[in-house]
Structure formats: C-alpha cells, structure tokens
Amino acid sequence: MQSTTVSPDPTRCPLCGGDNRCAMEMERASGQPQPPCWCTTAQFPPDLLDRLPAEAAGKTCICAGCLAAFNTESAA
C-alpha cells in the first residue's frame, strides 16, 4: 500500500478550512502586489499553533476567525 501526502491548501485555514485571506498567497497566485497581510501584525499564541496539523505548520495561515475564537476561548 502506497501512502500519499496531501499538501495543505495555502488559501485555507488548517483549523476550520475557511478562507484565510492570506495577502501573501493572493499576491503569489495573482502576481498583483498586495498590502501587508493582516497576520504580520497578529500574535499567534503557542497553544493555538500547537493545534495545527503537522503537515500545515509553516505552510498555511490560520484565519482571523480562528485566532479571534481562540483568544475569546482563552480569556474565558
């Protein structure tokens, strides 16, 4: 039996599967300059990053909704 590794989709959040609105990926795909991505100024807690599937770490962005939900959950 042959195993197949599926590369994560860089336009999708690895936690919820929603559009991550990554400006860097939009620029790569379109060739059109984009403003800095929202994530470049966001803080991603280590506990949130620990939730990423290993194959997505460093390859796709968590969406703003998952970051906000985590921060709300952590504050409760």
Euclidean distance, Cys61 SG relative to Glu25 CD, rounded to 0.5 Å: 8.5 Å
Side-chain donor/acceptor of Asn20 to backbone N/O of Ile62, under 3.5 Å: no
Atom pair CG (Asp19) and SG (Cys63), whose distance is rounded to the nearest 0.5 Å: 8.5 Å
For the student: nearest non-hydrogen atoms of Pro8 and Glu55, plus distance: CG-O, 3.2 Å
Leu15 side chain reached by Phe70 side chain, heavy atoms, under 4.5 Å: no
Atom of Arg12, atom of Gly17 and distance for their closest heavy-atom approach: CD-O, 2.9 Å
Spacing of Leu67 atom CG and Gln43 atom CD [to the nearest 0.5 Å]: 9.5 Å
Cys39 vs Met24 side-chain heavy atoms within contact, under 4.5 Å: yes
Pairwise side-chain contact, Cys66 with Cys13, heavy-atom cut-off 4.5 Å (strictly under): yes
Reference residue Gln34; test side chain to side chain contact (heavy atoms under 4.5 Å, CB included); the match among Ser30, Pro36, Cys37: Ser30
Donor-acceptor contact present, side-chain Thr60 to main-chain Ala56, <3.5 Å: no
Rounded distance [0.5 Å steps], CZ in Arg21 versus CE in Met26: 4.5 Å
